[in-house]
There are 2 protein chains.
Amino acid sequence: MTTSAPDPFAVWLPLARAHKTILTAVETALKQAGLPGLDWYDLLWELECAGDTGLRPYELQEKLLLPQYGVSRLADRLARAGYLTRQDCSGDGRGQVLLLTPEGARIRAQMWEVYAAAMEPAISSHLSTGEARRLAELLGKLLRPAPADKI
Amino acid sequence: MTTSAPDPFAVWLPLARAHKTILTAVETALKQAGLPGLDWYDLLWELECAGDTGLRPYELQEKLLLPQYGVSRLADRLARAGYLTRQDCSGDGRGQVLLLTPEGARIRAQMWEVYAAAMEPAISSHLSTGEARRLAELLGKLLRPAPADKI
DNA sequence: TGAATGTCAATGCATCTGCATCTAAATTCC
DNA sequence: GGAATTTAGATGCAGATGCATTGACATTCA
């Protein structure tokens, strides 16, 4: 053991800053296009991936890292906008299944155009392909279950 | 030109997820310690760096990437808590200077302990020193002014 | 079976945020 | 100098969030 322990702030500070910068750029682009925000996109995308079987709110909670009431109210807004429907859950009287509507799929597709377009200048233009790959890989390491050994 | 353009989402998705995970961990630790959130910390830290000359709200706005009203109201809360003082700005009758109070410095120091302790398991334990250095470097690239050439 | 406990989802309340607007002072321009 | 414009900061209002709690159903276990 010779190398010093990594300074977490040397990672965290630029990570937080990059996140805020990119997020702001995307949200601004969406707003300017008269479209909903990224939180709506994320939920719609998960529903789209889930297909006809839909998703339970608690599943979205895990996938989106949102608190329970966050999913509940986000789903409210999306339902009021007509982008999803709540359906009683056969087999669990407490629960429900959220299903994407065609309008939901349509708006998600529209949002995707703007989203992807905003990513280019925010990310792609700053990195070579190799750098992007390496960055993605290193960020992935932060997401793995805690190592238990190191430090 | 042979390599394909980098996929920005391969970077953005883990970046956003890592951000949320780490942020939640830190905020949870702070809350559990009965301390204010990271937004308070960031402002207090900038004031501490600024020293006796303090900072103008519009300077904080740039440093913290917050909207104007965000700084205005965050400063309100910190002032009400006794962690900073607003002082009329000599030379600009519209403006003011924000100054850290001793209590502000003290709470920031307390927060730092918890903040740093939460970083270890969230970041350091996942990366070697070399990986952390490389990750910090790559994240830094995302923050540089737009290249104008690429893409 | 039925009481105790656990899980799914909604909601009241206080706080925070975003947007637009407002006031006051500074600067520009004639 | 004085009107028009710009800049610094505050704020009313609507909508979003966090926290704690509630209501309804499921599950466990005696």
Side-chain angles (χ1 to χ4, degrees), chain A residues 20 23-43 46-47 53-81 83-99, chain B residues 20 23-43 46-47 53-81 83-99:
Chain A
K20 190 179 286 195
L23 186 69
T24 301
V26 177
E27 294 285 16
T28 300
L30 287 169
K31 192 154 300 180
Q32 194 175 313
L35 292 167
L38 271 190
D39 47 351
W40 287 39
Y41 183 89
D42 291 339
L43 199 156
E46 292 296 341
L47 284 190
T53 59
L55 284 174
R56 300 284 300 267
Y58 75 86
E59 293 176 303
L60 281 163
Q61 198 176 321
E62 292 162 10
K63 286 177 189 292
L64 302 177
L65 304 181
L66 288 175
Q68 179 267 319
Y69 55 81
V71 173
S72 177
R73 296 206 260 225
L74 181 52
D76 266 356
R77 283 170 240 141
L78 284 158
R80 257 183 280 128
Y83 296 151
L84 63 78
T85 55
R86 299 166 184 268
Q87 197 177 284
D88 281 351
C89 183
S90 68
D92 189 340
R94 299 165 300 184
Q96 62 190 238
V97 174
L98 305 182
L99 288 163
Chain B
K20 190 178 287 197
L23 186 69
T24 301
V26 177
E27 294 284 16
T28 300
L30 287 169
K31 191 154 300 180
Q32 195 175 313
L35 292 167
L38 271 189
D39 47 351
W40 288 38
Y41 183 89
D42 290 340
L43 200 156
E46 292 296 341
L47 284 190
T53 59
L55 284 174
R56 301 283 300 267
Y58 75 86
E59 292 176 302
L60 280 163
Q61 198 177 320
E62 293 162 10
K63 285 177 189 293
L64 302 177
L65 303 181
L66 288 175
Q68 180 267 320
Y69 55 80
V71 174
S72 177
R73 295 205 260 225
L74 181 52
D76 267 355
R77 283 171 241 141
L78 284 158
R80 256 183 282 127
Y83 296 152
L84 63 77
T85 56
R86 298 166 185 268
Q87 197 177 284
D88 282 351
C89 181
S90 69
D92 190 339
R94 299 166 299 185
Q96 62 191 236
V97 174
L98 304 182
L99 289 162

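Every chain is numbered from 1, with letters handed out A, B, ... down the list of sequences. All values below come from the heavy atoms of this structure, side chains included, with hydrogens, waters and symmetry mates left out.
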Quick check: on DNA chain D, is the nucleotide nearest A:D92 upstream (toward 5') of the one nearest A:D39, or the reverse? Name the residue that is more 5'. A:D39

Just the endpoints, please: which first and last nucleotides of DNA chain C, 5' to 3', lie under 4.0 Å from a heavy atom of chain A? C:dG6 to C:dC19

Give the rounded distance in Å between these two atoms: CD of A:Q96 and C1' of D:dG23. 14 Å

Calculate the interatomic distance between A:L43 atom CG and D:dA16 atom P; express it in whole Å. 14 Å

Those residues at least two apart in sequence (or on a different chain) that pass salt bridge (charged side-chain N to carboxylate O under 4.0 Å, His left out) with B:R77 are none

So does B:R56 get a side-chain nitrogen or oxygen closer than 4.0 Å to the phosphate oxygens (OP1/OP2) of D:dG9? yes

Report yes if some heavy atom in the side chain of A:T24 is under 4.5 Å from a heavy atom in the side chain of B:L65; otherwise report no. no

Over its full length, what angle do the end axes of the helix from C:dT1-D:dA30 to C:dC30-D:dG1 make, each axis taken from five pairs and the result rounded to 10 degrees? 10°

B:R73: what forms a salt bridge (charged side-chain N to carboxylate O under 4.0 Å, His left out) with it, not counting sequence neighbours? none

Taking atom CG of A:L99 and atom CZ of A:R86, what is their separation to the nearest 0.5 Å? 12.0 Å

CG-OG1 distance between B:L78 and B:T85, expressed to the nearest 0.5 angstrom: 11.5 Å

Protein-nucleotide distance (B:R80, atom CZ; D:dA10, atom P), rounded to Å: 12 Å

Using a cut-off of strictly less than 4.0 Å between a heavy atom of the residue and any atom of DNA chain D, enumerate the qualifying residues of residues 24-31 of chain B by number. B:K31

Take atom CG of B:L84 and atom P of D:dG9, then tell me their distance rounded to the nearest Å. 13 Å

Minimal heavy-atom distance between A:L66 and A:Q61, with the atoms involved, is O-CG, 3.0 Å

Mind running side-chain contact (heavy atoms from CB on, under 4.5 Å) on B:V71 and B:E62 for me, showing each step along the way? CA-CA 10 Å; B:V71 174; B:E62 293 162 10; over 6 Å; no

Within the structure provided, determine whether A:E27 and A:L30 are in side-chain contact (heavy-atom separation under 4.5 Å). yes

Rounded to the nearest 0.5 Å, what separates atom CG in B:D42 from atom CG in B:L47? 11.0 Å

Interatomic distance where CD belongs to B:Q32 and P belongs to D:dG18 [whole Å]: 17 Å

Between the CG atom in B:L98 and the CD atom in B:E46, the distance rounded to the nearest 0.5 Å is 12.0 Å

Determine the minimum heavy-atom distance between B:V97 and B:T53, stating which atoms define it. CG1-O, 3.3 Å

Check whether any side-chain N or O of A:R56 sits under 3.5 Å from a backbone N or O of A:Q96 as a donor-acceptor pair, and report yes or no. yes

Any residue in residues 59-76 of chain B with a heavy atom nearer than 4.0 angstrom to DNA chain C? Just list them by number, or reply none. B:P67, B:Y69, B:R73

Please round to the nearest 0.5 Å and tell me the distance separating atom CH2 of A:W40 and atom CG of A:L84. 9.0 Å

